[in-house]
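In listed order, ligands and their atoms are each counted from 1. The analysis underlying the following values was restricted to heavy atoms, covering all of them including side chains, and did not include hydrogens, waters or symmetry mates.
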Amino acid sequence: MTAKRPRPILLKNYRPPAYLIDTVELDIALDPTRTRVHSRLKLRPNPKAEKKKEPLRLDGEHLELAEVRLDGRTLTGKDYRLDDTSLTLKKTPAKAFTLDITTYVNPEGNKALQGLYRTNGVYCTQCEAQGFRRISYYLDRPDVLATYTCRIEAEMDEAPVLLSNGNPLERGTLAGGKRHYAVWHDPYPKPCYLFALVGGDLSSIASTFRTMSGREVDLRIYVEHGKESRAGWAMDSLKRAMRWDEERFGREYDLDVFNIVAVSDFNMGAMENKGLNVFNDRLILASPETATDTIFEAIESVVAHEYFHNWTGNRITCRDWFQLCLKEGLTVFRDQEFSGDERSETVQRIIDVRRLKSLQFTEDAGPLAHPVRPESYIEINNFYTATVYEKGAELVRMIQTLLGRDYFRKGMDLYFDRHDGEAATVDEFITCFEDASGTDLSHFKRWYSQAGTPELVCDLHFDPEKKRARLDVEQVLPPTPGQPHKKPLDIPLKLGLLGGNGQDLPLKLDGGPVLEDGVVHITKRKQSFKFSDIPSRPVPSLLRGFSAPANITVDLSDQDLEFLIANDSDLFNRWQAANTYAMRTLIETVRRLAKGKKASHGMRYAKALSTAISGEGLENAYRAELLTLPSQADVARVIGKNVEPVSIQRAHRRLMKLVGRTLGDQLEDLYDELADEGPFSPDAEGAGRRAVRNAALTLLTARGEKPDLERLSRHYFTATNMTDRAHALYQLAAQRSSDRERALNDFYEQWQGDHIVIDTWFAAQAHSPLASTLSRVKALTRHPLFALTAPNKVRALIGTFALTNPVQFNRADGAGYTFLADQVLALDRLNPQIAARMLSAFRIWRSLEPKRRAKARSALSRVARAKGGSPDVQEIVSKMLEL
Ligand code: PHE
Ligand code: ZN
């Protein structure tokens, strides 16, 4: 950690590397505290470098340098400059040359979990974004592509399994028989962030996959001993993902083996290292008894995501880290499409849009807002954000909407063709779609550089005489940090006009064609669209399928919403109408409560919801989405300023109760009829059934009558799967009943030995709205099963509290903020990446009412003033405070 303020890296300063590396030969001798890394690099000056004869500067951090040899000659201190972050050679040959570098690293002492570290006795690496420089001196940038050969040696007992990227070449025992080695070779050139190595005493499950051209690939998933039976779902998901990528995008796997390793301590969800994906074990291990349906779904989607990176990320990588969305946004889009195809397209879209709004819209509206392709960063780890990932995926989706599926696929094919083996840019990606379709996307590209969520203010006029409807659209682009003024965006607005009987009317543009796909292009700040042959005043269904990441404002009456809920042919928008109706009701209740009025409000919404869920032929998973009201955080986001969390909580509780009462019989019937019979299946059908039943349970519990609480306890104690059990545990942890402690104790007794499942026990307590929650959370930070060095524990306890418990985190006395600031400061000394993430829970602080705002500010200022903080945390806190 350096004392001086780090300088930001700027996109506009990108220069091609002065040197290239063709091959890397690593020889790594694993040892808990002193691992020896020998690296032989074949380098040459880059013919495309802008400046000739630049000295060779290699990145390196937290390394002990033992030796450097240039073309076989050992260098002395006079030949190079060494500091905390680099090794610079004063003179290198004008042609190709070989460097041999020996360094030592300490895996056991590595708590940042970047580079080579140890988790649960297993050696593993994490190199994205800049972890390789903690293993050896290197050109640690994604546009330097080399082929790797990696020899690993270790104690046979400690690490019988030795893995790296690519295909296995050879293995053997060393003299004495106590140590052994393995050699791996990856024929595909890659940047060092995709390098990986694993060594440990692991068990595995195996399978095979026959690719579209008939090659047989060995698949293996490595897990802790005794957990093999929980890896089956991940394996099944992997095979389905491999098939899907062949069918949908024509992409075939390219190595003889594909390995996945599950580790317990990991900063993120998973990592797409070539041929050797490393996963947070909570996203691999699942059985009906230990994992919820949500986890099963997450495993399916993350396994697919990492696999899809093989083409979007690995075969074609990013030129620089500003292009991160090139691989992440695109790969999220691909995994969303996969999940939609495996399950229900509409339900998947609802889940993805909920996530986008709750994470990305919140980010975009606060001090951390940044474009999908940022232009500056201090610590790149801070840019693995909802904006890069989720909004990045929306931009790809909009290209598909604008061009249509056929041209979209042609553009993708061209991209794979043209850039295979390269480090590409967003501009090059877009050019492929322009070339494949003959469409100019230069205006569309503004989406990549302009931050903030556009608002589409829409107005529909109907002229009964001319039988014409006119839709006026204005795009309002709110300012974001560093971007006070915005230019209009190119927005695909998908819409429908519903006639009196609820049918879609043909969209006949005045004097133009019928809009077959229902998409109009908004390109200017203000635009009008006229539709002819409209028999009566239509009800507009706007932004169908969420065709753009925008907010929409349109004057719809309660009746209009009810009409849409009952009739919209676009099922996404039918759900959207119900959600809008709930939001409107909640906000009105907050307002009434603030004025001290009695809030007997929401009956009409409840009735509409009752009709909606009884609609013919709806999937259970879809009905569950209808029954899931906007969260308190959603309401806070829409209110946007002077947020007072307690009044939102009160309004939320009232509406839940009202819905629970109004739909009582209907919910009880659903609850009783949909009980699981037969064996558990994690598929969409089974999960949908459980989701409706649990949503019904929540609403019934909100009534708060004795039988309701009894039902809740029964649900917990008779549960036969973790989906039901965890759902009930969260609800029980929110109640002031004696069953609360009984259930929590029961859960603890049963699962204390399982480091993944026990996180649910931590999270359920941190999520509780009870006033005692903060003191309970504090006590739990001293629990023997909690550890600040374990990211999953930190996320389960501190993350759940700060990110999902608006009332207790935003306590009026500011104690929630003080707690979070203390934890962030303590974490920053161990794992800056996780510390910075936790700190981002403050991103909503400016939208709070003045008293809480002042308390949050002082907690943030304390973090800003702390000595020796990491660049990670300093970058976030200074943005928060606009320093
Ligand atoms: N690249 C990983 C993914 O999205 C995420 C990740 C980033 C993992 C940085 C570790 C470190 O699939
Ligand atoms: Zn990814």
For atom 9 (C) of ligand 1, the protein heavy atom that lies nearest, with its residue and separation: E128 O, 3.7 Å

Please work out whether any backbone atom (N, CA, C, O) or any side-chain heavy atom from C-beta onward of M268 is under 4.0 Å from ligand 1, and answer side chain, backbone, both or neither. side chain

Under 4.0 Å from ligand 1, counting heavy atoms only, is it the side chain of A129, its backbone, both or neither? neither

Closest candidate by heavy atom, reference atom 11 (C) of ligand 1, pool Q126, H309, Q114: Q126

NZ/NE/NH1/NH2 to OD/OE distance under 4.0 Å, R251 and E246: no

Can you tell me, to 10 degrees, how wide the angle at the Zn ion (ligand 2) is between NE2 on H309 and NE2 on H305? 100°

Counting backbone and side-chain atoms alike, is an N, O or S atom of E328 positioned under 2.8 Å from the Zn ion (ligand 2)? yes

Can you name the atoms of ligand 1, numbered from 1 with element, that are less than 4.0 Å from a heavy atom of H305? 3 (C), 4 (O), 12 (O)

Less than 3.5 Å between some nitrogen or oxygen of Y389 and one of ligand 1, yes or no? yes

Distance under 4.0 Å to a non-hydrogen atom of E328: what atoms of ligand 1 satisfy this? 1 (N), 2 (C), 3 (C), 4 (O)

Do E224 and K227 sit within salt-bridge range, that is, some charged N less than 4.0 Å from a carboxylate O? yes

Any ion pair linking D320 and R373 (charged N to carboxylate O, less than 4.0 Å)? no

Is any NZ, NE, NH1 or NH2 atom of the basic residue among E300 and R240 found under 4.0 Å from an Asp or Glu carboxylate oxygen of the other? yes

Tell me whether the count of non-hydrogen atoms from other residues, nucleotides or ligands lying under 6.0 Å of CZ in R282 goes above 12. no

If we only count N/O pairs under 3.5 Å, is Q833 in contact with ligand 1? no

With a 3.5 Å cut-off and no angle check, do the side chains of N381 and E379 form a donor-acceptor pair? yes

Salt-bridge present (E422, R319; N to O < 4.0 Å): no

Which of the ligand 1 atoms, numbered from 1, are nearer than 4.0 Å to a heavy atom of K327: 1 (N)

